[in-house]
2 protein chains.
Amino acid sequence: MNNQRYIECEQCNLFPICDPIKLGEYSYDFIFKQVDRRVFFKRGEVVFHQGDPANSIYALSSGTLKLSMNENNGKADESDRLSLIDFRFAGELVGLSSLTDDVYSYSAYALEDSYLCEILKDQIDGIADTIPEVQKRVITMQNQELKQMQTTMMLMMGRKTSQEKVVSFILMLMLRFRRQGLTETQIVLPMTRIEIGDYLGLTKETVIRILQYLQNKNIIHIQGKVLNVIDKKALEQIV
Amino acid sequence: MNNQRYIECEQCNLFPICDPIKLGEYSYDFIFKQVDRRVFFKRGEVVFHQGDPANSIYALSSGTLKLSMNENNGKADESDRLSLIDFRFAGELVGLSSLTDDVYSYSAYALEDSYLCEILKDQIDGIADTIPEVQKRVITMQNQELKQMQTTMMLMMGRKTSQEKVVSFILMLMLRFRRQGLTETQIVLPMTRIEIGDYLGLTKETVIRILQYLQNKNIIHIQGKVLNVIDKKALEQIV
DNA sequence: CGAGGACTTGATTTTGATCAAGTGTTGTGG
DNA sequence: CCACAACACTTGATCAAAATCAAGTCCTCG
């Protein structure tokens, strides 16, 4: 429960790599040697595009990103639907796949002013070769990402009503905020109703109507971007 | 293009680990030392349950599995919807997460008689500590799985009509069969219409009607479990 | 050969999309 | 600091897509 502007390093998912790794008599302090701290992106700016050379892993220190993919893998010129594949919140990682891929497989946009910590792939590669502990941590981080996606798929796919989807979305937000040590009952939504809809496969009207319904039932209170969860039990019961 | 009963080791996604790894003067031949080859599971049998101690990674030598998760993470006794999160086909991996998790995060069922190669977590751990190359390959394999899930999410979520979903599903099957060196134009569906529906978030009736429609348009021919793709271009055009 | 499950087909209903017409909100330039 | 343009959000009416309900037929395995 903090209201600070930045996620602390200790709360950050890049910490396993940034954290000084002690190996025998050696101690590498990557925080100051390897990481470009707090690169700034303004709202609407692109962190990287799908297809760009993948040179870095980022950790989101503060702010929110949305990740989207072009449907037709690459050729982006045509009238081409974008799908929103995920969001990233403070403390989460972006671009982990750059360790094994040459190019990014999705684009990342800042939904609000955001600070990112950047760590260059080359630098990780260099140290990973010599320190197996770093690779182990990479494996763990990738695994977390895999499980998160599994959970997302489970929540969103399968035969769900739009109401269940929206409620699942709120519960997922709460979970991810709580995991980073932030308050879970009052959430400031950084994304638009359209983006929520794109993510869930619903229209903005449907999203709005369901939020309205939940408000009428006194389960949540929503005013513009500010979402207050009043009755968490009720949300869980719906899903 | 082969019609053999088994995927060859060279086609298998566990090969990067099984493959003898040459490190300086050492050569570890894991195929015969470490891997229990071709464990058999009958149709309907469970390879492992969600929550079971995660002791092994499996590679599917032949057959098909379905992976499903309980919605309420663990307590399985209640009337509890299962969601089908993915399928696994010959040559693909199951349970990679056991490297970093204590228990499996999903259950795996054999949809048809299947042979699996099993490699014990302890054995990988042991060698991975000493050979960074093995860890690198694990990272690559995880990354492949991540990208596959991203693609699945992109195909299935987002605002798609049921027709687009079914067509995407067929194209995904073709891709995954081709990737393992199998024929892509004639596919024997190992799963029921209900399971396809569970995966796509549709009812069996909708799945059937769309397959029927595609058959009437002479794009596919489907007879029970046997699906022939007649006009691949047309399928791609729909998506 | 019989039973249970998988599959199919048609009729009806419901959900959520679409269309339309507004009302906030916000950020920028005069 | 205000005006206004652009965009986000809201609400209602209508429509289409897919779910549900119902009643079978077809496999397949014991």
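Proteins come first, then strands; the chains are lettered A, B, ... in the order of their sequence lines, and each starts at number 1.
- The shortest distance between the side-chain N/O atoms of B/Lys225 and the OP1/OP2 oxygens of C/dC7 is below 4.0 Å.
- Spacing between atom CD of B/Gln223 and atom P of C/dA6 amounts to 18 Å, rounded to whole angstrom units.
- Within the structure, the ring-ring contact (aromatic ring centres under 6.0 Å, His included) test picks out the following pairs touching residues 158-188 of chain B (sequence neighbours left out): B/Phe89-B/Phe177, B/Phe169-B/Tyr199.
- Near-neighbour residues of DNA chain D inside residues 198-222 of chain B, defined by a heavy atom below 4.0 Å, number-ordered: B/Gly201, B/Leu202, B/Thr203, B/Glu205, B/Thr206, B/Arg209.
- The CZ atom of A/Arg159 sits 11 Å away from the C1' atom of D/dA18 (whole-angstrom rounding).
- Cation-pi contact between A/Lys66 and A/Tyr109: present, with separation from the ring centre below 6.0 Å and deviation from the ring axis of at most 45°.
- Look at CE on A/Met191: it is 18 Å from C1' on D/dC7, rounded to the nearest Å.
- A salt bridge links B/Glu145 with B/Arg88: the closest approach of a Lys/Arg side-chain nitrogen to an acidic carboxylate oxygen falls below 4.0 angstrom.
- Side-chain N/O atoms of B/Arg193 include none lying less than 4.0 angstrom from OP1 or OP2 on C/dA6.
- Rounded to whole Å, atom P of D/dT28 lies 14 Å from atom CD of B/Glu112.
- Residue B/Ser162 has a polar side-chain atom (N or O) positioned under 4.0 Å from OP1 or OP2 of D/dA18.
- A salt bridge between A/Glu184 and A/Lys232 is present, with a side-chain N of the basic residue lying under 4.0 Å from a carboxylate O of the acidic one.
- Heavy atoms from other residues, nucleotides or ligands lying under 6.0 Å from NZ of A/Lys217 number 12 at most.
- Phosphate proximity of C/dG16 to A/Lys165: absent, as no side-chain N or O sits under 4.0 Å from OP1 or OP2.
- Between B/Ile194 atom CD1 and D/dA19 atom C1' the separation is 14 Å, expressed in whole Å.
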**Request:** List the steps and the verdict of salt bridge (Lys or Arg N to Asp or Glu O under 4.0 Å) for B/Lys160 and A/Asp198.
**Result:** CA-CA 10 Å; B/Lys160 298 265 191 201; A/Asp198 284 346; over 6 Å; no
